[in-house]
Protein chains: 2
Amino acid sequence: MTKRATIKDIAHELNISTSTVSRALADQWDVNPDTRRAVLEVAKRLNYRSNPISLRLRSRQTWTVGVVVPEFINSYFAEILIGMQRVFFPKGYNILVAQSNETASVEENNLKLFENNMVDGILISVAQDSDNTAIYDRLLKNDMPLVFFNRVPEDIRASKVIVDDRKWAFLATEHLISQGCRRIAHFAGNGNLSVSVERRHGYISALKKHGLPVDESLIIEAGLQMESGYIGAMKLLQMDPLPDGLFAVTDPVAIGAMKFLKNHGIRIPEDIAVAGFTESPYATIVEPPLTTVRQPTFDIGVTAATLLLDQITSRHDPDKSDSWSGDNVRTVTLEAHLEVRESSLCKNFRGGS
Amino acid sequence: MTKRATIKDIAHELNISTSTVSRALADQWDVNPDTRRAVLEVAKRLNYRSNPISLRLRSRQTWTVGVVVPEFINSYFAEILIGMQRVFFPKGYNILVAQSNETASVEENNLKLFENNMVDGILISVAQDSDNTAIYDRLLKNDMPLVFFNRVPEDIRASKVIVDDRKWAFLATEHLISQGCRRIAHFAGNGNLSVSVERRHGYISALKKHGLPVDESLIIEAGLQMESGYIGAMKLLQMDPLPDGLFAVTDPVAIGAMKFLKNHGIRIPEDIAVAGFTESPYATIVEPPLTTVRQPTFDIGVTAATLLLDQITSRHDPDKSDSWSGDNVRTVTLEAHLEVRESSLCKNFRGGS
DNA sequence: TTTCTTTACGGGAGCGTTCCCGATACCGAA
DNA sequence: TTCGGTATCGGGAACGCTCCCGTAAAGAAA
């Protein structure tokens with residue numbers, strides 16, 4: 001009852017060797033159909049299931065991959081994780097998840113944990129204040145399969161899965177302009193994070209394209225979460241005149257700002273139009289519903305996982321093993337979608353149909 | 001570079017046996033301090049880290065636990081998972097997470113996956129339509145450490161971590177009554193789910209205690225997600241007169257209902273006061289902010305994980321091994337908190353300070 | 001009959017580690 | 001000198017499995 005049947009039990013029962021049982025179970029050619037049948041029957045009767053640990057020891061693989069995310073209570077990364085599961089589970093891989101809590105040192109510990117556990121590969125979206133480039137480099141040098149997604153370091157030669165943050169920030173800002181906004185503020189994320197930098201660039205180039213002045217005082221550097229939205233909105237309120245548009249680096253930031261502004265009698269979108277980034281369920285809950293850029297979260301997970309899986313399997317191929325020439329380094333850019341909602345429908349449309 | 005140092009490498013380098021190295025690393029008594037020092041030095045130089053797989057094979061433990069949740073994009077279960085991580089990671093255990101998507105068959109597959117992976121224990125919150133009692137029984141009979149949390153089966157003799165759903169539903173309903181509501185509708189979850197049953201009971205007994213009639217037509221059985229809120233609200237609107245209160249089985253249901261009602265010109269809380277259950281970030285985002293019962297998610301995770309850990313470790317104790325007498329079966333009930341917000345502040349308070 | 005090939009199976013090493021047990025060497029005591 | 005004791009170490013099995021290699025039996029080809 002409590003003891004799990006092993007290959008030895010089957011062998012003993014049939015008076016054959018473990019080798020033969022192993023071959024029968026593995027459906028090899030050099031085993032008599034009769035014995036194979038007998039083996040399978042006994043295996044079924046004893047409810048035999050192979051011991052995954054021994055297989056891992058033998059194959060010198062853990063069949064486990066590690067995923068590091070900044071957090072996963074905001075549904076964005078949770079959805080990505082589901083996409084990754086869809087790829088790895090059918091292939092017999094397990095997934096270990098760790099949160100960096102936006103902290104570089106925690107991220108480093110997570111990576112060490114994964115190394116000690118000898119994961120076969122790592123998927124990572126870097127923390128807000130991360131400067132762990134040296135660690136990524138070491139991992140890559142040690143031949144650890146590694147794929148970045150969503151938040152990626154600039155100067156690392158590794159596979160990445162992203163959306164074109166700059167492009168979609170540009171389009172979101174342009175949308176605000178098209179709605180009649182002329183003084184558009186931007187709540188930017190922290191400096192060195194790829195998504196922050198790119199989205200800020202997109203914002204600026206949209207202004208430039210449409211001949212609007214780039215006013216640095218309208219760019220408020222805060223963070224990525226809701227509290228940052230509050231803080232930014234406080235500064236916003238002190239401006240005279242109030243900007244007529246706001247492009248926030250993330251939805252939570254936008255929502256935090258909206259809450260603060262509404263509490264102070266500012267109407268959205270009439271007084272100020274708002275757009276966020278990275279669709280979340282909140283966007284449809286908040287009032288008015290928030291214009292934002294919807295990312296293909298599930299696909300991001302699937303794509304990143306597939307890239308990693310390629311690296312893992314090709315590593316064991318005798319094809320192109322040690323030479324770096326087997327170029328698995330790819331950057332995949334996925335499409336997104338600008339989800340226009342009421343929070344930004346204003347100005348020339350105001351009072352329209 | 002690519003090869004990980006083993007105990008053999010150290011032994012070879014120092015011309016001693018692997019046994020001695022093992023003992024030196026394990027800090028045993030019967031090893032010369034000098035050799036121990038030498039071993040540790042070489043280990044450090046070679047960056048030796050023990051191979052977790054071989055340890056698992058030897059110890060006949062996987063140092064892995066499985067967690068089955070209905071979903072984890074709604075932050076509730078995500079927060080619980082973080083609590084579990086806090087317990088297991090420091091002890092060297094890994095966590096495998098699987099979603100049942102509220103489906104019994106998927107849940108069954110998840111459990112089988114965990115069994116095949118030989119997890120040391122399982123934590124589970126059962127799916128909405130689950131009737132996998134036979135499977136839970138089999139797991140328990142096979143000595144699999146098992147702890148239920150949040151959503152638990154009634155008739156299973158296993159450890160459980162819950163909040164008193166009946167009590168808090170009672171208090172939430174009573175709160176609506178105290179606000180002047182006299183015809184309170186209830187959006188109930190599906191029939192057999194523990195939380196649905198208990199919360200419905202709490203709702204009914206609150207009505208009874210305050211001498212209000214229990215009108216079965218006011219109890220609308222839907223689901224647990226936002227769409228159920230829409231559907232319920234549709235039926236609500238057809239009632240004449242409209243109920244003046246609504247207690248929804250979950251926050252998403254409440255929020256879905258609010259959205260529908262607001263779209264149809266119903267004012268909250270003036271026309272109908274609303275309360276939900278299970279705090280989520282949405283509750284503060286939605287307008288008006290939603291009254292709800294806040295659960296100690298992190299503690300639920302910590303508690304469930306601790307109970308499971310106890311079972312796992314005590315199983316390997318020679319103390320009380322095979323006999324069932326070592327009673328690890330416990331039900332822990334954690335406290336919650338009624339979070340009163342504007343969605344339910346009405347009637348006698350209306351127009352007040 | 002002899003030789004060769006095919007078919008089917010067993011032996012045993014090895015993955016990395018722990019741990020039981022036996023062996024050696026040295027020391028003081030008889 | 002001999003003996004029991006202590007400190008230190010090595011040998012080897014074991015965890016469960018795969019896979020390389022060797023080998024026996026049986027049939028086919030010489």
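Within every chain, numbering begins at 1; the chains are lettered A, B, ... in the order of the sequence lines, protein sequences first and strands thereafter.
The separation between Ile7(A) atom CD1 and dG10(C) atom C1' is 13 Å, rounded to whole Å. Note: CG (Leu14(A)) to C1' (dG10(C)) measures 15 Å, nearest angstrom. In this structure, the CD1 atom of Ile16(B) is 14 Å from the P atom of dT17(C), given to the nearest Å. As rounded to whole Å, 16 Å separates atom C1' of dG11(C) from atom CG of Asn15(A).
Tyr48(B) and Ala5(B) get closest at one heavy-atom pair: CD1-O, 3.3 Å. In plain terms, the two heavy atoms of Arg4(B) and Asp9(B) that are nearest each other are O-OD2, 4.1 Å.
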Report summary line: For DNA chain D, the dot-bracket notation using Watson-Crick and G-U wobble pairs below 3.5 Å, [ ] for pseudoknot-type crossings and | for other-strand pairs, is |||||||||||||||||||||||||||..|

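Under the rule for a ring pair (Phe, Tyr, Trp, His ring centres under 6.0 Å), Tyr76(A) has no partner lying at least two apart in sequence or in another chain.
The existence of a salt bridge linking Arg330(B) and Asp310(B) is confirmed by a sub-4.0 Å separation between a basic side-chain nitrogen and an acidic carboxylate oxygen.
Ring geometry for Phe72(A) against Phe72(B) counts as tilted: the plane angle lies between 30° and 60°, on a 0 to 90° scale. Ring-plane geometry between Tyr93(A) and Trp63(A) is classed as tilted, the angle between the planes lying from 30 to 60 degrees on a 0 to 90 degree scale.
Put simply, the side chain of Arg37(B) reaches to within 4.5 Å of the side chain of Pro33(B), judged on heavy atoms. In this structure, Thr133(A) and Asp131(A) have side chains that are in contact, with non-hydrogen atoms separated by less than 4.5 Å. No side-chain heavy atom of Thr62(B) sits under 4.5 Å from any side-chain heavy atom of Asn117(B). The closest side-chain heavy-atom distance from Leu55(B) to Asn51(B) is not below 4.5 Å.
When the side-chain nitrogen and oxygen atoms of Lys8(B) are compared with OP1 and OP2 of dC15(C), one or more of them lie within a distance under 4.0 Å.
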If you look only at distance, which donor and acceptor atoms sit under 3.5 Å apart when one is on a side chain in residues 108-115 of chain A and the other is two or more places apart or in another chain?
| unit_1 | atom_1 | unit_2 | atom_2 | d |
| --- | --- | --- | --- | --- |
| Glu108(A) | OE2 | Lys112(A) | NZ | 3.4 |
| Asn110(A) | ND2 | Gln99(A) | O | 3.0 |
| Asn110(A) | ND2 | Val106(A) | O | 3.3 |
| Glu115(A) | OE1 | Arg138(A) | NH1 | 3.3 |
| Glu115(A) | OE1 | Arg138(A) | NH2 | 3.2 |
| Glu115(A) | OE2 | Arg138(A) | NH1 | 3.1 |

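The number of heavy atoms from other shown groups lying within 6.0 Å of CZ (Arg86(A)) does not exceed 12.
Contacts between residues 38-55 of chain B and DNA chain C, defined by a heavy-atom separation below 4.0 Å, involve Tyr48(B), Ser50(B), Asn51(B), Ser54(B), Leu55(B), listed by number.
Read 5' to 3', the first and last nucleotides of DNA chain D with an atom closer than 4.0 Å to a heavy atom of chain A are dC15(D) to dC19(D).
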Report task. Treat primed atoms plus P, OP1 and OP2 as sugar-phosphate and everything else as base, then score nucleotides 19-27 of chain C 5' to 3': B for base contact with protein heavy atoms under 4.0 Å, S for sugar-phosphate contact only, - for none. Result -> B--------

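A donor-acceptor pair under 3.5 Å is formed between the side chain of Thr6(A) and the backbone N or O of Lys8(A).
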